[in-house]
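Have a look at the structure below, then the notes.
All values derive from a computational prediction rather than experimental measurement. Labels below follow one simple rule: chain letters A, B, ... track the order of the sequence lines, proteins then strands, and each chain is numbered from 1.
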Amino acid sequence: MSLSFFNTLTGKVEEFKPLEQGHVRMYTCGPTVYGFAHIGNFRTFVFQDILRRYLKYRGYEVLHVMNVTDVDDNTIRNAQAAGLALREFTARYIEAFQVDRELLNLETPEVVVRATDHIADMVKVIETLIEKGFAYESNGSYYFRVQSFPAYGKLSRTDFSGIRAGARVDADKYDKDSARDFVLWKAAKPGEPAWDTPLGRGRPGWHIECSVMSMKYLGETFDIHSGGSDLIFPHHENEIAQSEAATGKPFVRYWLHSEHLTVNGEKMSKSLGNFYTLRDLIAQGYKPTAIRYLLASVPFRKPLNFTLDGLHQAQQSLDRLRNFHYRLAMEKFPAGENPAFAERARAARLEFETALDDDLNTAEALAAIFNLIREGNTAMDQGEFRAGDRGDFLDALKRWNQIFGVLDDKDHEKLRKLGFVQESEPCGIPDGHPRPPAGTLSSQEIERQIQEREQARRRGDYARADQIRQELLEAGVLLEDTKAGTRWKRR
RNA sequence: GGCGCGGUACCCAAGUGGUAAGGGAGAGGUCUGCAAAACCUUUAUGCGGGAGUUCGAUUCUCCCCCGCGCCUCCA
């Protein structure tokens with residue numbers, strides 16, 4: 001089976017064929033930087049990350065552009081509330097977003113662009129739309145005339161030909177010819193940031209930035225555009241209208257939309273106030289990789305109901321994965337090899353590739369790797385696994401992890417580096433179980449104490465050995481005595 | 001009202017016209033100085049309800065029930 005995606009535009013799963021062989025040009029809608037992103041936002045960003053990783057895995061050269069919306073009603077309002085200039089205010093949350101991305105192991109797109117760096121480009125496209133008769137001016141603002149673009153509604157499968165009864169017009173804010181028309185350029189208001197342009201003094205509307213920046217870096221027609229399902233209408237519908245009206249060419253070939261993250265069965269959103277940021281969860285002692293695992297484990301087109309219990313389960317699953325990886329890497333096996341295991345590892349690889357080829361079915365890809373783990377453990381327990389089989393299994397895990405990006409536990413290092421781990425500060429109590437303070441001991445110190453415990457064990461001083469183990473546990477470090485030696489984990 | 005998504009074991013969650021992946025949790029077992037951890041085994045005659053098509057449906061069709069999303073703030 002070849003790589004296929006569900007395309008919102010056609011409503012079907014379609015084989016993916018990029019415009020240019022071997023190259024993929026894709027645009028993803030990034031955050032509006034007026035606060036910390038919440039994990040609902042990150043569900044989409046994790047999906048987009050898995051998408052770009054898998055495209056690369058499949059041998060494509062990926063040119064990925066992501067935008068940052070740094071001017072809109074929300075950013076302006078919050079910047080004013082904070083008493084900061086817009087640019088200064090948004091810079092803080094852009095930085096926070098980058099920190100969160102690093103914690104979640106999200107790859108950096110080839111091009112990251114800010115709306116306010118592209119005002120002139122947007123003005124040019126709006127001028128083109130005016131020249132071609134798709135846009136009009138009203139009280140210093142400019143609007144796209146939806147009626148002039150017959151294909152309007154093709155993405156969201158909505159028929160706008162009839163007059164909608166009860167449609168409300170926000171005429172108190174702006175003057176539009178029709179309720180459906182959307183703003184391209186907003187006339188300056190007192191006290192708001194504004195740019196002096198040939199269109200007059202004002203600021204861009206939200207939708208125009210994505211059209212302009214995507215086409216600037218990717219061309220007038222490109223392969224993939226993705227975002228959360230709430231962007232289908234009106235944002236992406238409007239992008240299509242603006243872009244295709246301006247160029248006369250198809251805008252995007254494959255539209256990919258992720259379903260929402262819910263909490264208690266309701267969409268997680270800032271307006272509902274029912275959201276968790278990454279930082280909220282870290283403060284409660286949860287690991288960023290566990291969050292990534294959870295967000296990645298449900299296929300992107302399925303709703304995902306977020307619970308702390310679910311996050312705990314994700315953490316446990318991740319431990320199982322890492323335990324096997326550790327055992328595979330560290331345990332001593334008899335010399336030789338068993339060809340059946342090389343074949344088994346290869347089969348597992350094909351299974352997860354087939355799963356991901358099918359519209360990025362991450363749940364099946366997980367099943368493929370867990371089946372390999374179980375069979376590997378059994379073979380090791382029964383003494384059938386050979387030293388020469390190690391490489392094949394490691395290779396399968398490594399390839400799987402190129403997509404999932406959760407196998408290595410760098411959480412503690414990253415949290416420390418990024419200033420999240422305070423010396424001697426205890427973790428919270430996430431699920432009713434008290435947790436010992438974590439992060440106060442360096443890896444070197446832990447290793448040293450393990451050495452000391454080993455010596456105590458060898459001379460039969462189990463009282464001392466158990467004391468060290470207990471002390472480490474109280475410092476948030478769990479010891480495991482395995483055949484391959486003593487292993488430690490931070491809790 | 002229009003459009004769309006979902007309802008699978010205690011929890012999370014795949015999937016197929018031919019008889020239910022995987023993970024968590026629970027239970028049993030193995031290993032270990034001890035404990036912990038780890039590992040193995042095990043847990044749905046059943047896939048929201050009803051009718052139909054079929055040799056056979058959880059999977060297709062129709063009707064119904066429930067939850068959620070979008071319908072110019074929103075990943």
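The pair R487(A)-D481(A) fails the salt-bridge criterion, with no side-chain N (NZ, NE, NH1 or NH2) lying under 4.0 Å from an Asp/Glu carboxylate O. A salt bridge is absent between D389(A) and R386(A): the closest approach of a Lys/Arg side-chain nitrogen to an acidic carboxylate oxygen does not fall below 4.0 angstrom.
Under 3.5 Å, the side chain of R469(A) and the base of A35(B) form at least one donor-acceptor pair of N or O atoms. Side-chain to base pairing of N361(A) with G15(B): no donor and acceptor N or O lie closer than 3.5 Å to each other. Put simply, the side chain of Q313(A) and the base of C11(B) share a donor and an acceptor less than 3.5 Å apart.
Between the C1' atom of C70(B) and the CG atom of L261(A) lies a distance of 17 Å, rounded to the nearest Å. If you take CD1 of I39(A) and P of C74(B), they are 21 Å apart, rounded to a whole angstrom. At whole-Å resolution of the value, CG in D461(A) and P in G33(B) are 16 Å apart. Here the P atom of nucleotide C34(B) and the CD atom of Q470(A) are 18 Å apart, to the nearest Å. The separation between H257(A) atom NE2 and C5(B) atom C1' is 14 Å, rounded to whole Å. Here the C1' atom of nucleotide G4(B) and the CZ atom of F300(A) are 15 Å apart, to the nearest Å. Rounded to whole Å, the distance from CD on Q316(A) to P on G22(B) is 19 Å. The CG-P distance, from N274(A) to C68(B), rounds to 13 Å in whole Å.
Phosphate proximity of G22(B) to R374(A): present, with a side-chain N or O under 4.0 Å from OP1 or OP2. Look at N371(A) and you'll find a side-chain N or O under 4.0 angstrom from OP1 or OP2 of G22(B). The phosphate of C71(B) (OP1 or OP2) has no side-chain N or O of R157(A) nearer than 4.0 angstrom. Contact annotation: K483(A) does not reach the phosphate of U32(B) (side-chain N/O to OP1 or OP2, under 4.0 Å). Taking only side-chain nitrogens and oxygens, R301(A) never comes nearer than 4.0 Å to OP1 or OP2 of A75(B). Note on Q315(A): every side-chain N or O is 4.0 Å or more away from OP1 and OP2 of G24(B).
Comparing the P positions of A21(B) and G26(B) gives an interatomic distance of 23 Å, to the nearest angstrom. Taking the C1' atoms as reference points, A36(B) lies 13 Å from C31(B), given to the whole Å. Spacing of C1' atoms, C68(B) relative to G17(B), comes out at 29 Å, to the nearest Å. The separation of G50(B) from C66(B), taken at their C1' atoms, amounts to 15 Å, rounded to a whole angstrom.
Two residues, S297(A) and A465(A), neighbour RNA chain B, and the one matched to the more 5' nucleotide by heavy-atom proximity is S297(A). The residue among Y34(A) and L318(A) whose nearest nucleotide of RNA chain B lies closer to the 5′ end is L318(A).
Expressed to the nearest 0.5 Å, how far NZ of K176(A) lies from OG of S141(A) amounts to 10.5 Å.
Of the residues F149(A), F144(A), W206(A), the one that meets the ring-ring contact (aromatic ring centres under 6.0 Å, His included) test with F182(A) is F144(A).
Using Watson-Crick or G-U wobble geometry with both donor-acceptor distances under 3.5 Å, U59(B) finds no partner in any strand shown. The partner of C73(B) is absent, by the rule that a Watson-Crick or G-U pair needs both atom distances under 3.5 Å. Across all strands shown, A21(B) remains unpaired; no Watson-Crick or G-U wobble contact has both distances below 3.5 Å. Applying the Watson-Crick and G-U wobble criteria (two distances, each under 3.5 Å), G4(B) pairs with C68(B).
Set against C74(B), C5(B), C71(B), the side chain of R180(A) has C71(B) as its closest nucleotide. Among the nucleotides A75(B), G33(B), G24(B), the one closest to the side chain of R457(A) is G33(B).
As judged by a 4.0 angstrom heavy-atom cut-off over every strand, F370(A) is placed among residues touching the sugar-phosphate backbone only. Contact annotation for K302(A): backbone-only contact, meaning every heavy-atom pair under 4.0 Å involves sugar-phosphate atoms and none involves a base. Nucleic acid contact class of G310(A) (heavy atoms, under 4.0 Å, all strands): none. Among the atoms of the strands shown, none is found under 4.0 Å from any heavy atom of D72(A).
Crowding of Q147(A) atom CD: a count of heavy atoms from other residues, nucleotides or ligands under 6.0 Å not exceeding 12.
In this structure, R301(A) is positioned above the aromatic face of F6(A), its NZ or CZ under 6.0 Å from the six-membered ring centre and within 45° of the axis.
The closest side-chain heavy-atom distance from W185(A) to M122(A) is not below 4.5 Å.
Under the stacking definition used here (centres under 5.5 Å, planes under 30°), the residue F45(A) fails to qualify as stacked on the base of A75(B).
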